[in-house]
Amino acid sequence: MNTKYESKSFEEHTKNEECLVQVRDLHTYFYTEEGVVKAVDGVSFNIGYKETLGLVGETGCGKSVTALSLVRLVRTPGRIKSGSIQFDGKEILELSENEMRDIRGDDITMIFQDPLNSLNPVFSVGKQISEAILLHQKETLKESLDNYKEDQASIKRQIKSLKEQIKQKKTEGLAYEPKDREKLRALRKKIKKKKIKDIALDLSADILKKVGIADSREIVKRYPHELSGGMRQRVMIAMGLSCHPKLLIADEPTTALDVTIQAQILRLMKKLKDEFSTSILMITHDLGVISEICEKVAVMYSGRIVEYGPVRTIFENPKHPYTNGLILAIPSSKNLDVDLTTIRGMVPNLIYPPDGCRFHPRCDHRLECCDKVIPKLLYFEENHFVSCHLFDPEYKNSPKYEWSEEEKELAYQV
Amino acid sequence: MNSDIILKVKNLKTFYPVLGGLFKRHVNDLKAVNDVSFNLKYGETLGLVGESGCGKTTIGKTIVHLVKPTDGEIFYKENDISLDLPRALRKKIQLVFQDPDSSLNPRMKIVDLISEPIRILEGITNKIELRLRAYKLLQIVSMKKEHLDRFPHEFSGGQKQRIVIARALALNPEIIVLDEPTSALDVSVQAQILNLLKKLQRQFNLSYIFITHDLSVVRYIANRIAVMYLGKFVETGSSKDIFENPSHPYTRALLSSRPVINLDEKHEEQILEGEIPSPVNPPEGCTFHPRCPLFQQGVTTVCNEQIPEEINISDGHIVWCRRKGIESYKK
């Protein structure tokens, strides 16, 4: 219907795009005693194969709930009210709980902000990583177990033949050779009965090595409290990658870490993404982290996506007033001697969100139509989508809203 | 003593005892702050930057005597406060913590929270007067009158931090130690708080000690910056010196690992390996040498034996490193 204005909605524009995850018009509400909290209210985005999408927004804008909806882990009183989540051709919202459990931890894995809270303190790190492997990688495990058994069998055969040789030498009355004995002893040491659990533990150690933990055989036996913050986060990443997932959801993975450790972790995630060819959904409030690691970014405000597009385009040329405000609020070399630009007012209450565009009470460029019509996520330029009436040709002629002085004054108080 | 200096800290050492054994003997010291000296001028902001566990918070706590210094001298104007902080001076130095949640008593109303220091240290008990003072303070941090009778849980993080700042201002202090005041906040709220702090500084001629791990924030707010590593300063200088001419390998690594949205501001890639060692057994010689790229590349050699030299690069820009190492950056 918008075609006559030469503007297409995001859904229309990316209909035929090949991608791993396709979220369309997702609504996740929390039915609390105080009212219905509309945490996610009509969110649509795509994650391509081997792509890193950053989901950025302030506290309470619904970015974590969006991620939890993707793996269907929203807790009561929360419920996914409507929408569609296509993952690799499957409709996530229509799967049974059992099918969902197969996907979680296998095809989609998640890393949380606080690694100490997401690791179980009473189990060793290796045991926790191997749990996922035991559940989801049965075939690989079987294969490695078979290989191992074969190795053991060949060692046994060697021992047997060596024994026979020694016996023969004895019967022939040849001199006793200590070398043979030593060989036999060395071979006997190699024989170890390993169960499938031990194999899984070995695999965990291999993965830990991949995330940059040098002494991985030793670390496998450690408990979470014995590790430092950076190490714990590495363990979480190892756990997330242990089953070669198609999508890794990282919910503020570096927020609790120091900058130097954060840089290490970000570099590691970049490297592993290529190695495992995983797509990543990166959730954070730190625009700097997004700029380091992501290719595309979706800016969320109050349960909706306000801007979506390639990282560099958005950071260099933000269109939505909220994105612009966010970027200007970061201290940088450009605004050293002036006051920082702030967005006045506060994040709205999600039980009674403002009508129309949810940003309108804080927006300097507000139009007359902003508090009446909900803006759609519309095509702006190549891969760049904005949800704002300012860029919607349909509302080109809407007059600008004049803020009265009183209103402005009130808005600056908090 | 120079008259424009409000706080002088000389060779400050703060050790926490490590107890162990059957009778909780004193077995070792955690050297949180190890020989640190600095001056704070009137109306100036000194930024303390470093990773967690480097002792930056302990410096703040030691100045207000929440922790007793082990050794060293602290002067507030002409008064020696190394051993004790008298009540009359206590008013003049205030502290704001990172987490506003845990610094506000959830059972007290805002009016009581803000007027508590006035009641205790100024001895005013008249309720109406206290209420009036609290309201004035709330106005300073641009909050509303109806907030006076609410409880802390009714506020957002940014508002709570404003309340904490209002409380710190209650006794007309001259120095405020700000311990990561914006770390728990979102960027847009952080910007509001930073603006507020700058405004208050101009209005009341406050001196700030700003403790943070966020380099972008410290660059914006601080006049001078001290970079800390394992209880020691590794580089001090004006914020321009530190950002435009970082000379210590640790400062350079910190700057390069800072995620920025503007690619022009990116410093050259240099990611540190390993993690910060335990301050109970700090490495010999220069505490940074196990992670130092200069030492690993063999540019400097004696770092594991000798303590670093104090090198004056320009006025007020001091680096604790080896001359040879710093010169290698200039090439």
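Here is the naming used below: chain letters follow the sequence lines, and residue numbers restart at 1 for every chain. Just so it is clear, the structure is predicted and the values come from calculations on it, not from any experiment.
- For the pair B:Glu51 and A:Thr260, the minimum side-chain heavy-atom distance is below 4.5 Å.
- Only the side chain of B:Gln190 comes within contact range of chain A, judged by heavy atoms closer than 4.5 Å.
- Using non-hydrogen atoms only and a strict 4.5 Å limit, the part of residues 288-299 of chain A facing chain B consists of A:Gly288, A:Val289, A:Ser291, A:Glu292.
- Of all heavy-atom pairs spanning A:Thr342 and B:Gln192, the tightest one is CG2-N, 3.5 Å.
- Once rounded to the nearest 0.5 Å, the distance linking CG of A:Leu326 with CG of B:Asp186 reads 8.5 Å.
- A:Leu340 approaches B:Tyr220 most closely through the heavy-atom pair N-OH, 3.2 Å.
- Within the 4.5 angstrom heavy-atom criterion, only backbone atoms of A:Val338 (N, CA, C, O) approach chain B.
- Counting only residues at least two apart or in different chains, salt bridge (charged side-chain N to carboxylate O under 4.0 Å, His left out) contacts with residues 246-262 of chain B comprise B:Arg252-B:Glu268, B:Arg258-B:Glu265.
- Within the 3.5 Å criterion, the main-chain N or O of A:Asp339 finds no donor-acceptor partner in the side chain of B:Asn195.
- Of the two parts of B:Leu194, only the side chain, counted from C-beta on, holds a non-hydrogen atom closer than 4.5 Å to a non-hydrogen atom of chain A.
- B:Cys54 SG to A:Asp258 CG: the interatomic distance, rounded to the nearest 0.5 Å, is 8.5 Å.
- Atoms CD1 and OG, from A:Ile330 and B:Ser188 in turn, are 10.5 Å apart once rounded to the nearest 0.5 Å.
- Heavy-atom minimum distance, A:Val259 versus B:Leu254: CG2-CD2, 3.5 Å.
- Looking at A:Thr254, there are no atoms closer than 4.5 Å to chain B (heavy atoms on both sides), in backbone or side chain.
- Counted by atom type alone, B:Ser257 and A:Gln262 present zero donor-acceptor pairs between their side chains at under 3.5 Å.
- The environment of A:Glu34 atom CD is sparse: at most 12 non-hydrogen atoms of other residues, nucleotides or ligands sit within 6.0 angstrom.
- The 12-atom threshold is not exceeded at NZ of B:Lys240, counting heavy atoms of other residues, nucleotides or ligands nearer than 6.0 Å.
- The shortest heavy-atom contact between A:Leu336 and B:Lys198 is O-NZ, 3.7 Å.
- For a residue to count as touching a neighbouring chain, one of its non-hydrogen atoms must lie under 4.5 Å from one of that chain's; by this rule B:Ser216 touches chain A with backbone and side chain alike.
- Taken to the nearest 0.5 Å, the CG atom of A:Leu287 stands 6.0 Å off from the CD1 atom of B:Ile261.
- Looking at A:Gln264, its side chain does come within 3.5 Å of a backbone N or O of B:Leu272 through a donor-acceptor pair.
- Within a 6.0 Å radius of CZ in B:Phe204, more than 12 heavy atoms belonging to other residues, nucleotides or ligands are found.
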